[in-house]
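Heads up: the structure comes next, in structure tokens.
Bear in mind the structure is a predicted one, so any value in this text is a computation, not a measurement. Just the heavy atoms: all of them, side chains too, but no hydrogens, waters or symmetry mates, feed the values below.
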Protein chains: 2
Amino acid sequence: MPTPRTLRTRARILDAALDLFERQGYDATTVNQIADAAGITPMTFFRHFPTKDAVLVTDPYDPLIAEAVGAQPAGLPPLERVRLGLLAALGDITPTEDSTAKRRVALVAQSPSLRAAAAVGTDATQQAIVARLVADGVDRLDAAIAAAACLAATTAALLAWGTAPDDLAVLVRRALAQLAPAGATP
Amino acid sequence: MPTPRTLRTRARILDAALDLFERQGYDATTVNQIADAAGITPMTFFRHFPTKDAVLVTDPYDPLIAEAVGAQPAGLPPLERVRLGLLAALGDITPTEDSTAKRRVALVAQSPSLRAAAAVGTDATQQAIVARLVADGVDRLDAAIAAAACLAATTAALLAWGTAPDDLAVLVRRALAQLAPAGATP
DNA sequence: CCCGTAACGTTAGTCGCTAACATTTGGTGT
DNA sequence: ACACCAAATGTTAGCGACTAACGTTACGGG
């Protein structure tokens with residue numbers, strides 16, 4: 001239960017940061033500048049976001065995705081289970097996007113250092129999926145390969161979405177379709 | 001043409017760093033400690049390695065891989081071209097591994113922050129592949145998806161190799177086989 | 001309208017990394 | 001063997017991300 005005050009400052013930090021990042025670039029913007037623009041102290045910035053890149057990169061979807069993957073038929077090959085699981089989870093995530101999502105993704109798409117930060121989040125998602133599949137008796141390496149490939153394809157679509165007018169769900173479906181077994185409908 | 005002295009110090013830094021990383025962990029080791037152990041100044045460390053993680057993460061293979069991908073039949077779907085290209089490049093890379101390769105990979109496999117650093121390198125490789133495919137008329141998003149998926153699968157195999165007794169080439173072939181169209185031999 | 005508590009500020013410090021300039025070292029050619 | 005010049009290293013000073021401990025403000029519920 002975050003107090004109203006917390007939400008206000010958090011929103012001011014996010015606004016200031018997004019504005020500065022878009023105007024002068026992520027790397028050229030310091031936390032001090034963001035804090036000044038938001039009318040706070042650098043210290044306070046770090047109380048709301050653990051790192052500078054956390055303003056742009058957040059993933060609260062790991063459990064949801066892992067569960068969706070686990071819900072797919074256990075008889076399927078790992079790659080298919082992950083692929084179908086991601087497609088299923090897509091429906092739950094897409095409508096939730098807040099209004100800053102696209103701006104954030106566009107910024108991440110531009111800076112390699114930010115993509116690396118985003119990779120840490122993807123990595124966590126991958127571990128969650130692997131853990132779920134291993135619990136079902138899937139070989140650990142096979143699970144890691146399937147999860148890594150599907151998440152990488154999804155990420156590629158996500159980054160393209162940041163700088164394109166298309167619908168996110170369409171791009172992700174197109175990405176995962178490329179990993180489908182030859183001649184499959186979904 | 002690196003002077004002999006340069007090679008010596010470089011080797012001493014690498015030895016000291018690997019030793020410290022393995023004994024007390026990557027994050028817990030400072031550049032100062034590495035410099036002391038190597039009998040040099042922190043400044044000199046950065047003259048040989050641009051960043052702390054560069055001791056462990058290096059990729060001089062981008063052009064080689066991009067070329068191998070481009071050499072595959074242009075009629076194939078992008079995913080197949082990248083997949084076969086990586087398999088072809090594998091033969092050229094594997095014999096070149098130096099003796100510290102496995103120790104370095106094992107360390108990278110342990111720390112999420114290091115995996116992120118490695119992701120920057122993978123990202124560059126992906127861009128190289130995409131550029132090559134786009135030059136052949138392939139759609140940019142399709143190319144990015146194919147490259148991202150294949151490289152992610154390969155990376156998963158590489159990280160597994162760090163902590164397993166298996167042969168690297170075997171693991172990579174197994175990884176890429178999962179992305180093959182249903183019922184293909186290679 | 002008061003009061004407790006959450007939110008914020010202050011200070012001081014570590015670590016990764018960089019720039020500009022001075023200094024040493026080592027291999028080369030005589 | 002010796003002197004020389006360039007390459008390699010050291011010195012100092014500094015920035016930016018991030019953390020810890022502790023004191024201070026101000027907001028919102030009663």
Item checked: Pairwise distance CG(B:Leu79) to CG(B:Leu84) - rounded to 0.5 angstrom -> 9.5 Å

Next item on the list: Whole angstrom is fine here: how far is it from CZ in B:Arg12 over to P in D:dT9?
Entry: 9 Å

Item checked: Length of the CG-C1' vector between B:Asp36 and C:dC15, whole Å -> 14 Å

Notebook entry, point to check: Who pairs with B:Phe46 by ring-ring contact (aromatic ring centres under 6.0 Å, His included), at least two apart in sequence or on another chain?
Noted result: none

Next item on the list: Can you tell me the distance, in whole Å, between the CG atom of B:Asn32 and the C1' atom of C:dT18?
Entry: 15 Å

Check: Which distance, rounded to the nearest 0.5 Å, do you find between the CZ of B:Phe21 and the CZ of B:Arg103?
Finding: 11.5 Å

Note to self: Between C1' on D:dG16 and CD1 on A:Ile34, what's the gap in Å once rounded to a whole number?
What the structure shows: 12 Å

Next item on the list: Any pair with a residue in residues 161-171 of chain A that passes side chain to side chain donor-acceptor pair (under 3.5 Å), sequence neighbours left out, goes on the list, sorted by first then second residue, please.
Entry: none

Note to self: Heavy atoms within less than 4.0 Å of DNA chain C: which residues of residues 13-31 of chain B have one? Give them sorted by number.
What the structure shows: B:Thr29, B:Thr30, B:Val31

Note to self: Using a 4.0 Å heavy-atom cut-off, does A:Arg8 contact any base of the nucleic acid, only the sugar-phosphate backbone, or nothing at all?
What the structure shows: sugar-phosphate

Notebook entry, point to check: Any ion pair linking B:Asp53 and B:Arg104 (charged N to carboxylate O, less than 4.0 Å)?
Noted result: no

Note to self: Can you tell me if A:Glu67 has over 12 outside heavy atoms packed within less than 6.0 Å of its CD?
What the structure shows: no

Next item on the list: Would you mind reading off the distance between A:Phe46 atom CZ and C:dT10 atom P, rounded to a whole angstrom?
Entry: 16 Å

Note to self: Could you tell me how far apart B:Leu114 (CG) and C:dG16 (P) are, to the nearest whole angstrom?
What the structure shows: 12 Å

Note to self: Within this structure, what is the CZ-OG1 distance for the pair B:Arg83 and B:Thr154, rounded to the nearest 0.5 Å?
What the structure shows: 10.5 Å

Checklist line | Heavy-atom protein contacts under 4.0 Å, nucleotides 4-9 of chain C, coded B base, S sugar-phosphate only, - none | finding: --SSBB

Notebook entry, point to check: Side chains of B:Thr30 and B:Asn32: donor-acceptor distance under 3.5 Å anywhere?
Noted result: no

Checklist line | Residues forming a side-chain contact (heavy atoms from CB on, under 4.5 Å) with A:Leu20, sequence neighbours excluded | finding: A:Arg23, A:Gln24, A:Thr29, A:Gln33, A:Ile34, A:Ala37

Next item on the list: Identify the two heavy atoms, one from A:Gly39 and one from A:Arg12, that lie closest to each other, and give their separation to 0.1 Å.
Entry: CA-NH2, 4.0 Å

Could you run down the sub-3.5 Å N/O contacts of the protein with nucleotides 28-30 of chain C?
none

Note to self: Quick one: does any side-chain atom of A:Asp59 pair with a main-chain N or O of A:Tyr61 as donor and acceptor, under 3.5 Å?
What the structure shows: no

Item checked: Whole-Å gap separating P (D:dG10) and CZ (B:Phe45) -> 14 Å

